[in-house]
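Here's the structure we're looking at; comments come further down.
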Amino acid sequence: MNKIVTALTAVLFAATLAPAATAAAPAPSEDTRLHLTAARTQGETEAIGIVWLDCPASGRPAHPHREAACHALDAVNGDFDRLSAEPDATCTTEHAPVTLTASGTYRGRTVEWTRTYGNNCEATAKTGPVFYF
């Protein structure tokens, strides 16, 4: 009899914990939250811009062209290497490197991206509104 009571107690205890464990696990987020930076990288590195991009908007201080930036990323399914805002842009050959970085999540996927461009014109032509800040 004692074994039956112990077994029933264990089953009831496990049954009460199972829903709690399931309810505690948050659903994966499909939102985008990216920390974007732009830095001059000739000589000493100097940050020229830092901003958060939230899609949808979070209410925090945000990217000044959030809607256009979110749309541009959605058009390439979050692949920063496929961004191409102005493929026919004519930029000078001035050597003033700019390094752009993005880290965070895009629609639930982890993003860690860095690219250095010859100058700001080249960076802007490739990335469009995502790095307009």
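Numbers here are sequence positions counted from 1. Reckoned from all heavy atoms, side chains included, excluding hydrogens, waters and symmetry mates. This one's a predicted model, so the numbers in the text were calculated from it and none came from an experiment.
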Ring centroid separation Phe133 to His65 under 6.0 Å: no

Per the disulfide bond (SG atoms under 2.5 Å apart) rule, what does the pair list look like for residues 73-133, sequence neighbours excluded? Cys91-Cys121

Separation between [atom1] of [X] and [atom2] of [Y], rounded to the nearest 0.5 Å:
X      : Y      : atom1 : atom2 : answer
Leu36  : Ser103 : CG    : OG    : 8.0 Å
Leu34  : Leu73  : CG    : CG    : 6.5 Å
Asp31  : Asp54  : CG    : CG    : 8.0 Å
Phe131 : Thr124 : CZ    : OG1   : 10.5 Å

Take a 6.0 Å sphere around NE2 of His35 and say whether it holds more than 12 heavy atoms from other residues, nucleotides or ligands. yes

Apply the side-chain contact (heavy atoms from CB on, under 4.5 Å) test between Phe80 and each candidate in Leu100, Val130, Thr114, Thr101; give the one that qualifies. Val130

Count I, L, V, M, F, W, Y as connected when their side-chain heavy atoms are under 4.5 Å apart, and connections chain through other members. Are [X] and [Y] then in the same cluster?
X      : Y      : result
Val51  : Trp113 : yes
Ile50  : Val111 : no
Tyr132 : Ile48  : no

Can you list everything that forms a side chain to side chain donor-acceptor pair (under 3.5 Å) with [X]? Sequence neighbours excluded, please.
X     : value
Arg82 : none
Asp88 : none
Asp74 : Tyr106, Arg107

Any salt bridge (Lys or Arg N to Asp or Glu O under 4.0 Å) pairs touching residues 115-133, not counting sequence neighbours? Asp81-Arg115

Pairs touching residues 89-100 that satisfy side-chain hydrogen bond (donor to acceptor under 3.5 Å, both in side chains), sequence neighbours left out: Thr41-Thr99, Thr99-Thr116

Looking only at heavy atoms, which two atoms of [X] and [Y] are closest? And how far apart?
X      : Y     : answer
Arg109 : Asn77 : NH2-O, 2.7 Å
Leu53  : Cys70 : CD1-SG, 3.8 Å
Pro129 : Ala69 : O-CB, 3.7 Å

